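Notes follow once the structure below has been shown.
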Amino acid sequence: MEAHSMSGHVGLSGEDVGDPDGFRKHQNHHQDIGDVLQQVMAITDESLEEAQARKHALNCHRMKTALFDVLCEIKEKSALSIQGVQEKDSPEPHLMRLDNMLLAEGVAGPERGGASAAVVAAAAGGSPEDGTLEHAEYREKLSQIRQIYHAELDKYEQACNEFTSHVMNLLREQSRTRPISPKEIERMVGIVHRKFSSIQMQLKQSTCEAVMILRSRFLDARRQRRNFSKQAVETLNEYFYSHLANPYPNEETKEELAKKCCISVAQVANWFGNKRIRYKKNIAKYQEEVNVYAMKAAGDAVSVSSVASSANSPATPNSGGYPALCYTPDERL
DNA sequence: AGTAATGATTCAAA
DNA sequence: TTTGAATCATTACT
């Protein structure tokens, strides 16, 4: 009687209240289900063998199909909420950036020579011939990073696959006792993959950092500075001091100077940038240079005019110590 | 060795 | 984008 009243809420919908047989059956079922649930709840406290045995027993239980149906029903109802929590597939712009960078640095993607290193060297304004020798060590280190990167990546891939198949086996096994749709398995696999890809991203991140450090260590142009030739400095100074009022060569002039000095336009721009600020900072220090180049310019003018007008003018004083070969007319010999 | 000179880079401002 | 300013890292010199 108490059982009846206790479980009244279940029996309310039943039309079999007056049916003793049906009632008995119902009661038995309730007790049965209670037992089964008890067993299920206790399963975590048991040893593995016991649990396996219990699982087997449950699978063979006569109520199993009924339980399964109940689970299916519950799942059906909660399916909506699961559908609502659809995983949003974020495109991961950060990951894309890392990938692109690794590809650009030659860490990811196909094996290749020091193409990127050469490009970087050229962009930095170095002369093209100094590339290969200086970058041998760089390439070696880069390939080390590359090797480690790929080894790690493979390891992660393998671990991911192992784990995925493990999870899938587990789910398949579980699908015997509870309803699991392929979609759910797919979702779990997706979660696993995302976890592993986040680990991969860490690897990519640190690889990127390592490459950046390596790059700044070896490819930084400051580390292989070569002074310009005397002739180049001469040419640049000539322009600078003869345009002291406005030492800002336009693009065309820069190109011209670059060609004359066998350096890049960027280097010309650098030189003028440095020269302007350093001159301005300490004009007194550069006064001597000002005089030297002023005299030179004057000397040039005289020399040119003398050549043009009369071949036997008084010898121009070669005071500045500038290379005579550039200015001495051949007819002098 | 210590220091000055020098080419390159970075970053803010115009 | 270009420039100025500060700074870095190397080379040249004493």
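Note that this is a predicted model, so its numbers are computed, not measured.
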Just to confirm, is there a sub-4.0 Å distance from OP1 or OP2 of [N] to any side-chain nitrogen or oxygen of [X]?
X	N	value
Lys285(A)	dA5(B)	yes
Lys280(A)	dA5(C)	yes
Asn270(A)	dA8(B)	yes
Gln267(A)	dA8(B)	yes
Arg226(A)	dT10(C)	no

| message | If the threshold is 4.0 Å, N to carboxylate O, is there a salt bridge linking Glu234(A) and Lys260(A)? | response |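 Not counted as a salt bridge, because no side-chain N and carboxylate O are separated by less than 4.0 Å.
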Mind calculating the distance between [atom1] ([X]) and [atom2] ([N]) to the nearest angstrom?
X	N	atom1	atom2	value
Lys230(A)	dA12(C)	NZ	P	11 Å
Leu236(A)	dA8(B)	CG	C1'	15 Å
Phe240(A)	dG7(B)	CZ	C1'	16 Å
Tyr286(A)	dA4(B)	OH	C1'	10 Å
Tyr248(A)	dT3(C)	OH	C1'	7 Å
Phe272(A)	dA8(B)	CZ	P	14 Å
Phe228(A)	dT11(C)	CZ	P	14 Å
Asn237(A)	dT6(B)	CG	C1'	12 Å

Among [options], the one nearest [X] by side-chain distance:
X	options	value
Arg225(A)	dA5(C), dT3(C), dG7(B)	dG7(B)
Glu251(A)	dT3(C), dA5(C), dT2(C)	dT2(C)
Trp271(A)	dG7(B), dG4(C), dT11(C)	dG7(B)
Lys281(A)	dG4(C), dG7(B), dA6(C)	dA6(C)

With heavy atoms under 4.0 Å as the rule, sort [X] into base, sugar-phosphate or nothing.
X	result
Lys254(A)	sugar-phosphate
Arg278(A)	base
Asn227(A)	sugar-phosphate

Quick one: CG on Leu95(A) to OG on Ser198(A), what's the gap to the nearest 0.5 Å?
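With rounding to 0.5 Å, CG (Leu95(A)) is 10.0 Å from OG (Ser198(A)).
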NZ (Lys204(A)) and CD1 (Ile199(A)) are apart, to the nearest 0.5 Å, by 13.0 Å
Q. Taking the six-membered ring for Trp, are Phe240(A) and Trp271(A) parallel (under 30°), tilted (30 to 60°) or perpendicular (over 60°)?
A. perpendicular
Problem set entry | Ring geometry between Phe163(A) and His166(A) (parallel below 30°, tilted from 30 to 60°, perpendicular above 60°) |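 Correct class here is tilted.
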Is there a path of hydrophobic side-chain contacts, each under 4.5 Å between heavy atoms of I/L/V/M/F/W/Y residues, joining Val268(A) to Leu244(A)? yes
Worksheet entry | Most 5' of Asn274(A) and Ala269(A) on DNA chain C, judged by nearest nucleotide |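 Looking at the nearest nucleotide for each, Ala269(A) comes out on the 5' side.
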